[in-house]
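Numbering of ligands and ligand atoms starts at 1, following listing order. Heads up: numbering here begins at 1 and tracks the sequence.
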Amino acid sequence: MFPPAASYYFTPFPPLNGARVNPTSSSPLVLITGGSRGIGAAACLLAAKQGWSVAVNYTRDAQAAADVVSQIQALGGRAQAFQADVGIEADIHRLFEEVDAAMGRITGFVNNAGVVDVAARVEDMSWARLERMMRINVLGSFTCAALAVKRMSTRHGGAGGSIVNLSSAAAVLGSPNQYVDYAASKGAIDTFTLGLAKEVATEGIRVNGIRPGLILTDIHASGGQPDRAHQLANQVPMQRPGTADEVAQAIVWLLSDAASYVTGTTMNVAGGRA
Ligand code: NAP
């Protein structure tokens, strides 16, 4: 007996190449954490262009989130911004409940929100720094994915879906003298992706990860190294940093039915540096 066909989830509309999108009440819905800036914002816009309705999470920068929503609406798409800090358990529960009420049941979820810290050696990292890193990058990702599973899993009456976790090339490089704590948090995400994918594979849910390399976003400035992606570009076999849109392409492909037989894998999007 073959397992059920991979048709639990809605198929997003084909790419529209800049044409106005035309969402309907049956458009699939994706929630993207940290969707207001950088890779998350690029993923929100690309997902909308491919027919997804988009719930855009942010934590501080309401204007940036509103801009992403406006850009999607200008294309004729459906989007709404939701404030929540994924490092706070109560915020995560509120986020999912607000998305349920305002937009409906998700069939796509992207664990994108993540933070770095300033460059430091391991022996100089405080407990408070480690706790923040693991709370946002690891506990937040676990808790968000758990709530996504409760909405998607056929075990819970859901229609299935796809979860994409943002890891990092740091997970396999280790980031010595920079942020081993961040690298280790992303190593945890790689293992989480593998285990969760196997756990929910018969419940209509695919779970995959992406390991971006040096991508041109504000995250480097938040770690005190605004030019980091350019400065380290000579370590990249392709000799250049990547763009948020190049990562978004991989995220939205993994969300889509085009990746219907892909689960439990983590894809490098790193120009060969991983
Ligand atoms: P970014 O430019 O710093 O943007 C971060 C986004 O996450 C913002 O929308 C921010 O919202 C949101 N955010 C931050 N903390 C949050 C929290 N506690 N709760 C909810 N949202 C939060 O980051 P990025 O470079 O696009 O990175 C996105 C993901 O890719 C991260 O997981 C990162 O680790 C991973 N990654 C990035 C690179 C890279 O080179 N850029 C490389 C490897 C992996 P506000 O604007 O409201 O603060």
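Residue contacts with ligand 1: Ala84 is included, with a non-hydrogen atom under 4.0 Å away.
Relative to atom 12 (C) of ligand 1, the option among Ser222, Gly34, Ala221 with the closest non-hydrogen atom is Gly34. Considering Arg135, Lys186, Arg37 only, the shortest heavy-atom separation from atom 46 (O) of ligand 1 involves Arg37.
Applying the ring pair (Phe, Tyr, Trp, His ring centres under 6.0 Å) test to residues at least two apart or on different chains, the pairs with a partner in residues 126-145 are Phe142-Phe192.
Looking only at atom types and distance, the side chain of Asp190 has a donor-acceptor partner in the side chain of Ser167 under 3.5 Å away. Side-chain N/O atoms of Thr33 and Asn112 include no donor and acceptor closer than 3.5 Å.
Considering only heavy atoms from C-beta on, Val69 stays 4.5 Å or farther from Gln80 through its side chain. For the pair Met267/Trp253, a side-chain contact is recorded, criterion being any heavy-atom separation below 4.5 Å from C-beta on.
Residues Ile215 and Thr243 share a closest heavy-atom pair of CG2-C, 3.5 Å.
Residues passing the ring-ring contact (aromatic ring centres under 6.0 Å, His included) test with Tyr58, sequence neighbours excluded: none.
Close approach to Asn57 involves these atoms of ligand 1, each under 4.0 Å from a residue heavy atom: 20 (C), 21 (N). Within the listing of ligand 1, atoms 15 (N) sit less than 4.0 angstrom from a heavy atom of Val115. Per-residue contacts place Asp85 under 4.0 angstrom from the following atoms of ligand 1 (heavy atoms of the residue considered): 17 (C), 18 (N), 19 (N). Residue contact check: Arg60 has heavy atoms under 4.0 Å from atoms 45 (P), 47 (O), 48 (O) of ligand 1. Distances below 4.0 Å separate heavy atoms of Gly38 from the following atoms of ligand 1: 2 (O), 26 (O). Of all the atoms in ligand 1, the ones that sit under 4.0 Å from a non-hydrogen atom of Ser168 are 43 (C), 44 (C). Atoms of ligand 1 found under 4.0 Å from any heavy atom of Asn112 (numbered from 1 in listed order, with element): 28 (C), 29 (C), 31 (C), 32 (O).
Looking at atom 38 (C) of ligand 1, its nearest protein heavy atom turns out to be Gly213 O, 3.9 Å.
Under 4.0 angstrom from ligand 1, there are no non-hydrogen atoms of Leu216. Only the backbone of Ser167 comes within 4.0 Å of ligand 1, judged by heavy-atom distances.
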